Amino acid sequence: MKYSYNWLQKHIEEELPNPSIIASALTMHAFEVEDILDQGLDTVFDIKVLPLSHKGMALEISVLLGLTYIKREVSLPAPTLGAFPLAVTDSRQSPRFMGILIKDIVVKDSPAWLKESLEIIGQRSINNIVDA
């Protein structure tokens with residue numbers, strides 16, 4: 001998976017060290033860094049790891065290097081409980097199922113900053129819902 005140095009920096013309070021120091025720490029303690037790519041104003045790490053978000057990788061780096069991970073609180077509107085139709089054909093295969101219904105979503109282009117961030121790590125922007 002590819003990770004942007006600049007994107008990782010948004011989740012860590014102190015200035016991140018040189019990419020080679022990060023790559024060494026990750027390789028010696030957690031994940032194999034297969035490549036470090038220069039992308040103009042950014043550096044991209046190609047890390048051999050199952051899918052892990054930039055937040056998750058930033059947390060790993062902060063622990064390995066003794067840096068301060070920025071924990072952001074997210075406030076969500078209070079849920080309105082209700083029911084919606086659901087058919088489970090074999091409850092033995094799904095002993096518990098939870099779902100959420102989200103209404104009034106507007107599908108549109110993602111903001112420019114997100115499109116650029118995705119492009120740097122080799123991903124194509126689809127729309128605001130898919131990119132989120």
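Source: prediction; values computed, not measured. As a basis for the values below, the full set of heavy atoms in this structure was taken, side chains included, without hydrogen atoms, waters or symmetry mates.
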Strictly by modelled atom types, are E14 and T68 linked by a side-chain donor-acceptor pair under 3.5 Å? yes
Checking S110 against N128: is there a side-chain donor and acceptor pair closer than 3.5 Å? no
Pair I47-M1, side-chain contact (heavy atoms from CB on, under 4.5 Å): steps then yes or no: CA-CA 5 Å; I47 302 173; M1 256 190 94; 5.7 Å; no
Side-chain donor or acceptor of T27 paired with backbone N/O of E32 under 3.5 Å: no
Contacts of Y3 meeting ring-ring contact (aromatic ring centres under 6.0 Å, His included) (sequence neighbours excluded), chain-then-number -> H54
Residues I129 and N127: closest non-hydrogen pair is N-OD1, 3.0 Å
Closest non-hydrogen contact found for P19 with F45 is O-CE2, 3.4 Å
Does the plane of the ring in H11 sit parallel, tilted or perpendicular to the ring in Y69? Use 30° and 60° as the thresholds. parallel
Same cluster or not: [X] versus [Y], using hydrophobic residues (I, L, V, M, F, W, Y) connected whenever any side-chain heavy atoms lie under 4.5 Å apart?
X    : Y    : result
M57  : L37  : no
L16  : V49  : yes
I102 : V106 : no

Out of curiosity, [X] [atom1] to [Y] [atom2], how far, rounded to the nearest 0.5 Å?
X    : Y   : atom1 : atom2 : value
Q9   : S4  : CD    : OG    : 10.0 Å
W113 : W7  : CH2   : CH2   : 6.5 Å
L59  : I12 : CG    : CD1   : 8.5 Å

Does atom [atom1] of [X] have more than 12 heavy-atom neighbours, drawn from other residues, nucleotides or ligands, at distances under 6.0 Å?
X    : atom1 : value
R124 : CZ    : no
L41  : CG    : no
E34  : CD    : yes

Can you list everything that forms a salt bridge (Lys or Arg N to Asp or Glu O under 4.0 Å) with D109? Sequence neighbours excluded, please. K115
Would D131 and L118 count as a side-chain contact (heavy atoms from CB on, under 4.5 Å) here? Give the steps. CA-CA 8 Å; D131 296 350; L118 289 171; 3.6 Å; yes
pair [X]-[Y]: side-chain heavy atoms closer than 4.5 Å:
X    : Y   : answer
I120 : K2  : no
E60  : F31 : yes
N18  : I22 : no

What's the verdict on side-chain contact (heavy atoms from CB on, under 4.5 Å) for K10 and N6, showing C-alpha distance, side-chain angles and the deciding distance? CA-CA 7 Å; K10 293 178 182 181; N6 292 341; 5.7 Å; no
Output, in order, the C-alpha distance, side-chain angles, deciding distance and verdict of side-chain contact (heavy atoms from CB on, under 4.5 Å) for I61 and L8. CA-CA 9 Å; I61 291 169; L8 293 167; 3.8 Å; yes
